[in-house]
Amino acid sequence: MITFNPYAPRLCKLVEVKTETPTIKTFVLEMPEPFHFRAGQFIELTLPGAGEAPFTPSSSPLEHDRLETTVIRTGSMTDRLHEVEPGAWLGVRGPFGKGYPIEKYRGKEILVVGGGCGLAPLRSLIYQLLSESYRYRRISIKYGAREPDELLYRDSYATWTAERPNVDFTCTVDAGAPGWTGRVGLVTTLLSGLDLSLPDTVAFVCGPEVMLKFVTLTLLKEGLSAEQIYLSMNRRMSCGIGQCGRCSIGPYYLCKDGPDMNYAAIQQYENVF
Ligand SMILES: Cc1cc2nc3c(=O)[nH]c(=O)nc-3n(C[C@H](O)[C@H](O)[C@H](O)COP(=O)(O)OP(=O)(O)OC[C@H]3O[C@@H](n4cnc5c(N)ncnc54)[C@H](O)[C@@H]3O)c2cc1C
Ligand code: FES
């Protein structure tokens, strides 16, 4: 009898590498068989000889023959990954985690808030929402990066909103640069005085931990309840399948119960931020 081995990666060919910013690249993989995932689920990516790490697909969940993931260079595995060229073979396990419960929020106002590389995991959610934007009252995307050079997917912003009157996109940078004419300020400055129908709004937030904390505090101050806020808890993980206990927060395993958690479910635990 053949049994499913959750630790065995499937081999996928790297077909393209896109340089997004000086420290961030998008890796495009050709999938050997149709790959299905929900926006917000993650994969474990293996670079033979360098190890395995969790990343979130940044491509559309509606595409099944190729998978993109956008990776910031931060340490031993990601340094090696950034050197890899098209033609290499990488391992993919998953998808893992639950994914965003977006079906629950059809007809509502959706607020997508990204910080830095946190826009990458949110891009698959954005693609999903845009593919059925008529189902939502409004989709507002707010994005902040440290500086203009670090803004991800700059060529896409106009296409996300084009011919979709209920979709808006605003970005800001912590510090401007010569030639930058856009907003300057932290991503939280995009969240004050929001013109939203509060009881009907849900926010999906992804970014560094300090950003998650201050965005949550701002949204609560703006009148959203904890139940209306989902946070991507992309903490350190190992097995990805609820076996090793590395990613626990209260009674939850982020790899299995998350990584996107409703703030109401986790707010009482000490190690949330
Ligand atoms: C569910 C999930 C989804 C993720 N999705 C993405 C993604 O789409 N794109 C992306 O670039 N990264 C993502 N990450 C983070 C990514 O897994 C880490 O950056 C990667 O494991 C670092 O490996 P490394 O060997 O290069 O770094 P290491 O050498 O292990 O560490 C280098 C530095 O990075 C820090 N670090 C390592 N892992 C994390 C982490 N999970 N969170 C914060 N800091 C960390 C370490 O503390 C250390 O300071 C995700 C993590 C999780 C758990
Ligand atoms: S990563 Fe092992 S239990 Fe979550």
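Bear in mind that the values here come from a model prediction, so they are computed numbers and not experimental data.
The aromatic rings of Phe96 and Phe42 are tilted relative to each other, their planes meeting at an angle between 30° and 60°.
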Can you list the steps and then say if Glu209 with Met233 is a side-chain contact (heavy atoms from CB on, under 4.5 Å)?
CA-CA 8 Å; Glu209 242 162 66; Met233 308 296 289; 5.7 Å; no
Begin with the C-alpha distance, continue with both residues' side-chain angles, and end with the deciding distance and a verdict on side-chain contact (heavy atoms from CB on, under 4.5 Å) for Leu14 and Glu85.
CA-CA 8 Å; Leu14 181 66; Glu85 296 192 348; over 6 Å; no
Starting from the C-alpha separation in whole Å, work towards a yes-or-no answer on salt bridge (Lys or Arg N to Asp or Glu O under 4.0 Å) for Lys108 and Asp200.
CA-CA 5 Å; Lys108 307 280 185 198; Asp200 282 330; 3.3 Å; yes
Between Val205 and Tyr263, is the side-chain contact (heavy atoms from CB on, under 4.5 Å) condition met? List the steps.
CA-CA 10 Å; Val205 190; Tyr263 184 54; over 6 Å; no
List the steps and the verdict of salt bridge (Lys or Arg N to Asp or Glu O under 4.0 Å) for Lys25 and Glu83.
CA-CA 10 Å; Lys25 286 185 176 178; Glu83 302 308 321; over 6 Å; no
Stepwise, does the side-chain contact (heavy atoms from CB on, under 4.5 Å) test hold for Asp260 with Phe204?
CA-CA 8 Å; Asp260 309 296; Phe204 298 103; over 6 Å; no
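One hydrophobic cluster holds both Tyr269 and Leu231 under the rule that ILVMFWY side chains link at heavy-atom gaps under 4.5 Å. One hydrophobic cluster, built from ILVMFWY side chains closer than 4.5 Å, holds both Leu122 and Ile110. Residues Leu220 and Leu191 share a single hydrophobic cluster, defined by chaining ILVMFWY side chains whose heavy atoms lie under 4.5 Å apart. Hydrophobic clustering (ILVMFWY, side-chain heavy atoms < 4.5 Å, transitive): Met77 and Leu90 are in one cluster. Under the 4.5 Å side-chain heavy-atom criterion for grouping Ile, Leu, Val, Met, Phe, Trp and Tyr, Tyr253 is not connected to Val272 through any hydrophobic cluster.
Judged by distance alone, the side chains of Thr201 and Gln228 never bring a donor and an acceptor atom under 3.5 Å apart. The closest side-chain donor-acceptor pair between Tyr105 and Tyr230 falls under 3.5 angstrom. No side-chain donor from either of Thr21 and Asp149 sits under 3.5 Å from a side-chain acceptor of the other. Under 3.5 Å, the side chains of Thr172 and Tyr143 contain no donor-acceptor pair of N or O atoms. Remark: the Ser60 side chain and the Glu63 side chain contain no N/O donor-acceptor pair separated by less than 3.5 Å.
Of all heavy-atom pairs spanning Ser59 and Tyr127, the tightest one is C-CD1, 3.7 Å. Closest heavy-atom contact between Cys247 and Met237: CB-CG, 3.9 Å. Pairing each heavy atom of Leu125 with each of Ile102, the nearest pair is CD1-CG2, 3.5 Å. Nearest heavy-atom pair across Cys255 and Ile241 is SG-N, 3.8 Å. The shortest non-hydrogen separation linking Leu67 to Pro57 is CD1-CB, 3.6 Å. Contact between Thr70 and Ala120 at its shortest, heavy atoms only, is CB-CB, 3.6 Å.
Formation of a donor-acceptor pair under 3.5 Å by the Arg93 side chain with backbone atoms of Glu44 is not found in this model. The backbone N or O of Leu186 sits less than 3.5 Å from a side-chain atom of Thr189, completing a donor-acceptor pair. Put simply, the side chain of His82 gets close to the backbone of Val71: a donor and an acceptor are under 3.5 Å apart. In this structure, the side chain of Arg138 does not engage the main chain of Leu111 through any donor-acceptor pair within 3.5 Å.
Counting only heavy atoms from C-beta outward, the side chains of Cys206 and Pro121 approach each other to under 4.5 Å. For the pair Lys142 and Phe169, the minimum side-chain heavy-atom distance is 4.5 Å or more. Within the 4.5 Å cutoff, side-chain heavy atoms of Leu151 are placed close to those of Trp180.
Here Ala265 pairs with Tyr252 under the side chain to side chain contact (heavy atoms under 4.5 Å, CB included) rule; sequence neighbours left out. When the side chain to side chain contact (heavy atoms under 4.5 Å, CB included) test is applied to Ser133, the partners found at least two apart in sequence or on another chain are Ile139, Arg164, Asn166, Val167.
With Thr26 as the fixed residue, the side chain to side chain donor-acceptor pair (under 3.5 Å) test singles out one of Glu68, Glu20, Lys18, Arg123: Glu20.
Distance CG/Asn262 to CD1/Ile266: 8.0 Å, rounded to 0.5 Å. To the nearest 0.5 Å, atoms CD (Glu33) and NE2 (His36) are separated by 9.5 Å. Note that CZ of Phe27 and CG of Leu47 are 9.0 Å apart. Values are rounded to the nearest 0.5 Å. Atom CD of residue Glu150 and atom CG of residue Asp174 lie 9.0 Å apart, to the nearest 0.5 angstrom. Residue Leu81 holds its CG atom at 12.5 Å from CD1 of Ile72, rounded to the nearest 0.5 Å. Rounded to the nearest 0.5 Å, atoms CG (Leu129) and CD1 (Ile141) are 7.5 Å apart.
By the 6.0 Å contact criterion, CD on Glu103 is enclosed, its count of non-hydrogen atoms from other residues, nucleotides or ligands being greater than 12. Annotation: Arg146, atom CZ; neighbour count of heavy atoms from other residues, nucleotides and ligands within 6.0 Å does not exceed 12. Remark: Glu270 CD is loosely packed, at most 12 non-hydrogen atoms of other residues, nucleotides or ligands lying under 6.0 Å away.
Note that Arg38 lies outside the cation-pi zone of Tyr100, set by a 6.0 Å cut-off to the ring centre and a 45° limit from the axis.
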